[in-house]
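Notes follow the structure.
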Number of protein chains: 2
Amino acid sequence: MFKVSRKSEYALMAIQHMARLAPDAVVSVADLAAQEDIPADLLAKVLQGLKRAGLLIASKGAGGGYRLARPAGEIRFLEVVRPFEEQIAVVSCHSPVTDCQRTDACSLRDPMSVLNAYLMRQFEQMTMELFVSPHTWLTTGPRTTTPAEATSLGRRA
Amino acid sequence: MFKVSRKSEYALMAIQHMARLAPDAVVSVADLAAQEDIPADLLAKVLQGLKRAGLLIASKGAGGGYRLARPAGEIRFLEVVRPFEEQIAVVSCHSPVTDCQRTDACSLRDPMSVLNAYLMRQFEQMTMELFVSPHTWLTTGPRTTTPAEATSLGRRA
DNA sequence: TCATATCGGACTCAACCGGTCCGTTACTAG
DNA sequence: CTAGTAACGGACCGGTTGAGTCCGATATGA
Ligand code: FES
Ligand code: FES
């Protein structure tokens, strides 16, 4: 359960890597693949995906490559991963692509939605800054939500 | 990402179902399968797994079946699901069964372990009581940990 | 002793996923 | 202007995994 796909892992690595470079540095697939030891063809797909998601900006031709569309602190974990995970839900009930009939009658739906919503919130709060400088992130914390709200699992709806 | 296997779903349904019966009621695979509309042979496997995990008690022979080993409030979500998910980790780094080399050099390991530990804690706090009477659970909340501790993501280690 | 249930191994089939290959398009350095 | 470079993206492939089935073995109560 909840292991991300390998593409997602590569995506995380890529963004982490780029975030450590100079703000608008451009890096090619080939370079990145070599340095992070990732199969180049596959990494290409991943970066294309990230570009389509608006996280990266591509420039073709000689001397081209990819660069971050915005600073790491403004990129959320969920955004990085979403292009490569069609199923982002704990249980079949949620998520558009459901093979499982029973959807309405399902007795798991309601209780699970509590958990689901909660996890989502966490993943949205977590920015890629955590991957660049864990320490500052840990002391700074997520920005969008107050810590108090984070207790809401097990309290109100 | 993080969708549980179908077996886990069945496991959750089964325990939820049994928790709604009289405390020590015994139910057979066949009955349960019929009532919850689950392929019987498969459900059998699932219940065997839950028994091996110590969550259910089986009695063979005529009039036999399964019953809960302890009340729902003392069964944690993670326990129910674990027998059917060998990979309980967000990223390859963690989890014993890792195909991914790079384990030590991996730049994802540390930041992810923060998230990982946090999720684990959540899943451990959540009892199956949530599936039986969501309302009371929501107002009562998890018992093992104080709400204050729940804020720990994004704060200390 | 027979009907009933759990037990658990073996097996099938389909979907998915990581990975590869290759031709096309676009841009830029020279 | 041209040659080289790099992103783009579709097609394909093999291995693994997961859902589901079948069936014989074992235990047990009526
Ligand atoms: S598990 Fe199938 S709809 Fe809830
Ligand atoms: S992703 Fe392979 S070890 Fe971290």
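Throughout, a chain's letter reflects where its sequence line sits, starting with A, and its residues are numbered from 1.
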>> Under 4.0 Å, heavy atom to any atom of DNA chain D: which of residues 26-35 of chain B qualify?
In response: none
>> Nearest to the side chain of B:Gln48, heavy atoms from C-beta on, is which of D:dC8, D:dT21, C:dG8?
In response: C:dG8
> To the nearest Å, how far apart are A:Leu42 CG and D:dG10 C1'?
Replying inline: 15 Å
>> side chain to side chain donor-acceptor pair (under 3.5 Å), that's the test. Do B:Ser5 and B:Glu9 meet it? Break it down for me.
In response: CA-CA 7 Å; B:Ser5 72; B:Glu9 288 184 0; over 6 Å; no
> What's the closest nucleotide to the A:Lys60 side chain, out of C:dA26, D:dA19, C:dT20?
Replying inline: C:dA26
>> Closer than 4.0 angstrom, basic N to acidic O: yes or no for A:Glu86 and B:Lys3?
In response: no
> Can you tell which of D:dA19, C:dT6, C:dC17 lies closest to the side chain of B:Tyr66?
Replying inline: C:dT6
> Quick one: is D:dG20 close enough that its OP1 or OP2 comes under 4.0 Å of any side-chain N or O from B:Tyr10?
Replying inline: yes
>> Donor-acceptor pair, distance only, cut-off 3.5 Å: does the side chain of B:Gln16 make one with the backbone of B:Val132?
In response: no
> Backbone N or O of A:Arg76 within a donor-acceptor pair of the A:Glu79 side chain at under 3.5 Å?
Replying inline: yes
> Which whole-number value in Å describes the distance from A:Lys3 NZ to C:dC17 P?
Replying inline: 11 Å
> When the ring centroid of A:Phe123 is compared with that of B:Phe2, is the distance short of 6.0 Å?
Replying inline: yes
> Does B:Lys7 have a side-chain nitrogen or oxygen under 4.0 Å from the phosphate oxygens OP1 or OP2 of D:dG18?
Replying inline: no
> Which whole-number value in Å describes the distance from A:Leu56 CG to D:dC8 P?
Replying inline: 9 Å
>> Tell me the interatomic distance from B:Arg67, atom CZ, to C:dA5, atom C1', rounded to whole angstroms.
In response: 16 Å
> If only side-chain N and O atoms of B:Arg52 are considered, is one of them under 4.0 Å from the OP1 or OP2 phosphate oxygen of C:dG8?
Replying inline: yes
> Tell me: CG of B:Leu50 to C1' of C:dG8, nearest whole Å?
Replying inline: 15 Å
>> Once hydrogens and angles are ignored, does a donor-acceptor distance under 3.5 Å link the base of C:dT20 to the side chain of A:Lys45?
In response: yes
> Separation of B:Asp41 atom CG from D:dG20 atom P, in whole Å?
Replying inline: 11 Å
> Can you check the A:Arg6 CZ to C:dT20 P distance for me, whole Å?
Replying inline: 12 Å
>> So, using side chain to side chain contact (heavy atoms under 4.5 Å, CB included) as the criterion, who are the partners of A:Pro39 when residues are at least two apart?
In response: A:Tyr10, A:Leu42
> Could you state the CD1-P distance from A:Ile57 to D:dC8, rounded to the nearest angstrom?
Replying inline: 12 Å
Just list the side-chain donor-acceptor pairs under 3.5 Å for residues 46-68 of chain B, sequence neighbours left out, or say none.
{"residue": "B:Ser59", "atom": "OG", "partner": "B:Gly65", "partner atom": "N", "Å": "3.4"}
{"residue": "B:Ser59", "atom": "OG", "partner": "B:Gly65", "partner atom": "O", "Å": "3.3"}

> Mapping B:Ala62 and A:Ser59 onto DNA chain C by nearest heavy atom, which one lands closer to the 5' end?
Replying inline: B:Ala62
